[in-house]
Amino acid sequence: MNLEVIILAAGQGTRMKSSLPKVLHKVAGRPLLEHVVRAAQELEPLAIHVVVGHGAAQVEAALAAYPLRWVLQAEQLGTGHAVLQAMPAIAQDSTVLVLYGDVPLLGSATLKRLVEKAQRAPALLTAVVENPYGLGRIIRGERGVLLEVVEEKDATDKQRLIEEVNTGVLAAPAADLCEYLPQVGSDNKQGEYYLPDILSLAVEAGKTIGSCEASSELEVQGVNDRAQLNQVEREYQRLQANELMREGVSIADSNRLDIRGSLCCGDDVSIDVNVVIEGRVELGSGVTIGPNCVLIDVAVADGASIHAFSHLQDCVVGKDCSVGPYARLRPGTTLGEAARVGNFVEMKKSTIGAGSKVNHLSYVGDCEMGDGVNIGAGTITCNYDGVNKSKTEIGNGVFVGSNSTLVAPVTIAEGGFVGAGSTVTRAVGKNELAVSRARQKNIHGWQRPTKKAGD
Ligand code: UD1
Ligand code: MG
């Protein structure tokens, strides 16, 4: 059986009240449509066709990394019309699965179940929901045989009481779609060509419509407004947190962890509240993440601790390191084993050697630092002269006293020592002491100023 997928994504999404096409709004950091595409890919279809209309160019650009076949539906005349636009590109002997670009939580297991039922006749994914308002109702006849779908606007009061609804997801042999879609009319309240109308046409032709139920109401939740977007986001996050906990990760509060990308964890990782993960993040065994941390594209090796309120992006944290609280590691930072970065320290494009410490209030940028270095509080690498960036090189075992400014390009060789409060502009040799502050003068018998009369 050859499977082809059609994803409908041409609608405007008026209720989002947004200039961004609806299917590009994000859940867990990814466009809605990307979630649907990824679920479709798990079924290994022959091709994925995406029907676009509103904001077509923007949608295509956002999903450019995926092998998709784009179909333009210039005018949105209904879901039936949308599927029809894709049919010329579909092989006659394929089974077709129709998905909506705004239903992002659908799992591939449910989709597989549906596709299996659509080998000889159309099959529909249904759901029993608490509030069916606005959705197409499933009309069944004797012995539960599926007869048709009636849209909310076209339904009688009695039909509106039905709680089983059309999720919109449908699978059918391509030949059936080619046969019935051209027969679908638009004689209904919305004047649209309804895709589910192929079902009653198939029933009339003597076919038995298959159906299967979604695993939960939320699995088939569509996004039409920002409240539903939020609902879907929370559900997605809940599912991810549950999966991580099953894998052995400790999560302080699953409602206060947001993963917008992928998180890969070793054994006994522990994550405190209000943590945001973006992009690709890897945490080694025994890693602890304190409260209110943001990690974006970061790899943290075994045993390291990221303390509260730290922000890390595009960096590598070595084994047993300690970072924060209140540390900011910007792109290109690599910390060697057991390095320590303390509070109010900012680092950028720098390599910090094993066991080195930058514990308080420092800026380290474009710096190559060896092992066992100690950087005193308030040290600044002056890497920028207003035009160019320059490097600071610090050898193994260097000690930099507090409140020093290292004016790059500059080198402090192995074992070098910088006196507190120095401004270093010239290279410091191996084991040399550099002091560049004014010599202290003590004035004996000095009198404090006294208040002048009349002032
Ligand atoms: C549709 C179903 C309804 C079902 C509901 C589930 C129809 C007629 N009705 O209603 O039975 O309960 O979904 O959410 O199918 N689209 C296009 N081109 C079009 C029209 C729509 O690409 O011309 C796309 C939209 O972008 C959207 C999807 O198809 O992704 C569904 O369209 P929408 O207008 O939201 O259909 P509903 O009225 O929600
Ligand atoms: Mg809808």
What closest approach, in Å, do [X] and [Y] show between heavy atoms, and which atom pair accounts for it?
X: G318; Y: A301; answer: C-CB, 3.6 Å
X: A10; Y: Q73; answer: CB-OE1, 3.2 Å
X: V50; Y: A9; answer: CG1-CB, 4.1 Å
X: A39; Y: S108; answer: O-CB, 3.9 Å
X: Q76; Y: G53; answer: NE2-CA, 3.6 Å
X: P45; Y: A40; answer: CD-O, 3.2 Å

Check your understanding: Do you see a donor-acceptor pair shorter than 3.5 Å between the side chains of E235 and Q231?
Key ->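 No, because no side-chain N or O of E235 sits under 3.5 Å from a partner of the opposite role on Q231.
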
Practice item. Would you please say whether a donor-acceptor pair under 3.5 Å links the side chains of S362 and T379? Key: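 Per modelled atom types, S362 and T379 side chains form no pair under 3.5 Å.
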
Donor-acceptor contact present, side-chain [X] to main-chain [Y], <3.5 Å:
X: D302; Y: S285; result: yes
X: R226; Y: K17; result: yes
X: Q159; Y: V150; result: no
X: T126; Y: E164; result: no
X: T381; Y: G365; result: yes
X: E4; Y: A91; result: yes
X: S356; Y: G372; result: yes
X: Q240; Y: I259; result: yes
X: S350; Y: C367; result: yes
X: D176; Y: Y180; result: no

Does [atom1] in [X] sit with more than 12 non-hydrogen atoms of other residues, nucleotides or ligands closer than 6.0 Å?
X: Y363; atom1: OH; value: yes
X: R280; atom1: CZ; value: no
X: K357; atom1: NZ; value: no
X: R234; atom1: CZ; value: yes
X: D187; atom1: CG; value: no

Would you indicate whether the side-chain heavy atoms of [Y] and [X] approach each other to under 4.5 Å?
X: I296; Y: H311; answer: yes
X: Y193; Y: L181; answer: no
X: V317; Y: V287; answer: no
X: I271; Y: I277; answer: no
X: N359; Y: V345; answer: no
X: C265; Y: E247; answer: no
X: R38; Y: H35; answer: no
X: S211; Y: K117; answer: no

Check your understanding: So, are K348 and D366 salt-bridged, with charged N and O less than 4.0 Å apart?
Key ->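 Salt bridge between K348 and D366, a charged N being under 4.0 Å from a carboxylate O: yes.
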
**Study point:** Salt bridge R160-D154, side-chain N to carboxylate O under 4.0 Å
**Key:**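 Salt bridge: no.
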
Going from [atom1] on [X] to [atom2] on [Y], what distance comes out if it is rounded to the nearest 0.5 angstrom?
X: E179; Y: I198; atom1: CD; atom2: CD1; answer: 10.5 Å
X: N2; Y: T95; atom1: CG; atom2: OG1; answer: 8.0 Å
X: L114; Y: L124; atom1: CG; atom2: CG; answer: 7.5 Å
X: K207; Y: L146; atom1: NZ; atom2: CG; answer: 14.5 Å
X: L111; Y: C212; atom1: CG; atom2: SG; answer: 9.0 Å
X: D258; Y: E278; atom1: CG; atom2: CD; answer: 9.5 Å

Point to revise | Evaluation steps, side chain to side chain donor-acceptor pair (under 3.5 Å), between S305 and T288 | key: CA-CA 5 Å; S305 299; T288 61; 3.3 Å; yes

Review point. Among K26, K22, Q221, H25, whose side chain to side chain contact (heavy atoms under 4.5 Å, CB included) with L229 holds?
Key: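 Only match with L229 under side chain to side chain contact (heavy atoms under 4.5 Å, CB included): H25.
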
Practice item. Give the intermediate values and the outcome of side chain to side chain contact (heavy atoms under 4.5 Å, CB included) for residues L135 and N166. Key: CA-CA 7 Å; L135 299 168; N166 174 22; over 6 Å; no

Practice item. Kindly indicate, with the supporting measurements, whether the criterion side chain to side chain contact (heavy atoms under 4.5 Å, CB included) is fulfilled by E152 and R137. Key: CA-CA 7 Å; E152 170 89 25; R137 307 301 202 280; 2.8 Å; yes

Point to revise | Aromatic plane relationship, F309 with Y326 - under 30° parallel, 30 to 60° tilted, over 60° perpendicular | key: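 Parallel.
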
Practice item. Apply side chain to side chain contact (heavy atoms under 4.5 Å, CB included) to the pair R330 and E346, showing each step before the final yes or no. Key: CA-CA 7 Å; R330 290 170 50 201; E346 176 183 348; 2.5 Å; yes

Exercise for review: Could you give me the CA-CA distance, side-chain angles and deciding distance for C293 and L312, then say whether side chain to side chain contact (heavy atoms under 4.5 Å, CB included) is met?
Suggested key: CA-CA 8 Å; C293 288; L312 288 73; 5.9 Å; no

